[in-house]
Number of protein chains: 2
Amino acid sequence: MTGPAPIRVVLADDERMVRTALRAILSAEPDLEVVGEAATGAEAVAVVREQRPDVVLMDVRMPEVDGIRATEQILAGLAGPPRIVVVTTFENDSYVYDALRVGAAGFLLKRAEPDALVGAVRLVARSDTLLFPAAVRALAAEHARAGRTPPAWVGRLTGRESEVLRHMAGGLTNAEIARRMGVGAATVKTHVASVLAKTDARDRTQAVIAAYEAGFLRGT
Amino acid sequence: MTGPAPIRVVLADDERMVRTALRAILSAEPDLEVVGEAATGAEAVAVVREQRPDVVLMDVRMPEVDGIRATEQILAGLAGPPRIVVVTTFENDSYVYDALRVGAAGFLLKRAEPDALVGAVRLVARSDTLLFPAAVRALAAEHARAGRTPPAWVGRLTGRESEVLRHMAGGLTNAEIARRMGVGAATVKTHVASVLAKTDARDRTQAVIAAYEAGFLRGT
DNA sequence: ATCCGCCTCCGCCGTGCGGGGGAGTGCCGG
DNA sequence: CCGGCACTCCCCCGCACGGCGGAGGCGGAT
């Protein structure tokens, strides 16, 4: 039942006390083994390169090279890179996005229960699962807001009108749109007028704003 | 050491075989207890209301009421709602965003290892941790793209110019901006001209586009 | 003391833009 | 068969817009 090969973990945090605490928590588990520690980002990269751990617990705030950059370097430079769990103190830390961007496997709060910590380490070591706290909900909520119900006018636009609106949002003048669409300038004016009416805009600027707000330009 | 109260789990999936498999996996763990099953979203809501579980494993695709809507209803209607882990088959499922939006505590793939599954259940039951597969990386990457390096001109704008650009992006005419800022129309024209020059735009529409593209309106 | 950036304003001028009409063509569906 | 819709194009008009040049005050930096 017990895997003979323990999960090898490296700790990266500038505060010695935090490292000690983490080590104490993880060492209590028979299937976890702390194989290295680092106090700076640069050190973390070196230790990981040397120890080849399965999981890295990486603090975001560290002198010289921060945890994000260190994560980036580790994942970029190694063949079989470890799973990196970014650790931070505050929930509304904007680092979550950075952590995700650079390919961190997870994101944990320092205030998390020890149980959650060891559980997280086991999880990222064994599967392609990411761990994220409530902050991610904010991200998702924002995304949901951006992709919310498109206004009714989007569906009412005819093919030509949509095309014209797209060109308007590209910053083209009526004459340029006419040239690109192979029609007369007067025709474009008609379409623009229709777009303005349907978007309830009084000028092309407001129409373009409406297009952006509605996420009308998705699919570029 | 062992908590006497097991984690109560409800399974919601339209395929009987999946439910059986999940039940088998979870029942093998002494600290987990499957207290109910549901084959539709509506059923899931009813079962949860009755059983008050700690965790719900919710399939996204279900007849009548899908898992997302069911999650929404459960979290909206109950006082002490359970943690809901949304389960799906495919990784690039757009449901991740929906799951996050409606407040699901986690997101798991059916192809995940049994170990990961039980680990996930324990984790969401005990802590405020979210579980997400690689699909979230795409979300983050998109967010990173949207929040990429702001163009140089953003920093070059003076206070007044920024204010004017913000109003332009609000769809106001020069006269309206002048009124709102308590200055003369000529002054606004000057600022607009500066903005156009710095944003390399030839008209206000292009300037507004630049503002949107640069994420200049963040903080609204 | 000097310079420079920012903010404030003033004119003039050309034009792209938007509002208001009208009008002809095809196509689809009742 | 005819009405409705989308697409095409035309006219005129008023004006907000943007380009140009100029000017004065005010504060911080050198």
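Keep in mind that this is a model prediction, so the values were computed, not measured. Every heavy atom of this structure was used, including side-chain atoms; hydrogens, water molecules and symmetry mates were not. Lettering follows sequence order; numbering is per chain, from 1.
- For dG18(C), one of the phosphate oxygens OP1 or OP2 lies less than 4.0 angstrom from a side-chain nitrogen or oxygen of Arg204(A).
- In this structure, Glu43(B) does not pair ionically with Arg19(B), as no charged nitrogen and carboxylate oxygen lie closer than 4.0 Å.
- Map His191(B) and Thr190(A) each onto its nearest nucleotide of DNA chain C; the residue landing nearer the 5' end is His191(B).
- Here Thr158(A) reaches the OP1 or OP2 of dC7(D): one of its side-chain N or O atoms lies under 4.0 Å away.
- dC9(C) atom C1' lies 12 Å from atom NZ of Lys189(B), rounded to whole Å.
- Here dC9(D) presents its C1' atom at 13 Å from CZ of Arg160(A), a figure rounded to the nearest Å.
- Taking atom CZ of Arg179(A) as the reference point, atom P of dG16(C) lies 11 Å away to the nearest angstrom.
- Side-chain N/O atoms of Asn174(B) include one lying less than 4.0 angstrom from OP1 or OP2 on dC17(D).
- If you find the closest nucleotide of DNA chain C to Val188(B) and to Asp203(B), the one lying nearer the 5' end belongs to Val188(B).
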**Message:** One pair to check against side chain to side chain contact (heavy atoms under 4.5 Å, CB included): Leu117(A) and Leu26(A). What are the steps and the verdict?
**Reply:** CA-CA 8 Å; Leu117(A) 177 65; Leu26(A) 298 177; 4.3 Å; yes
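- Put simply, CD1 on Ile177(B) is 14 Å from P on dA16(D), counting in whole angstrom units.
- Along DNA chain D, the nucleotide closest to Ala186(A) and the one closest to Lys198(A) are compared, and the more 5′ of them pairs with Lys198(A).
- Distances shown here put a side-chain N or O of Thr187(A) below 4.0 Å from the OP1 or OP2 atom of dC9(D).
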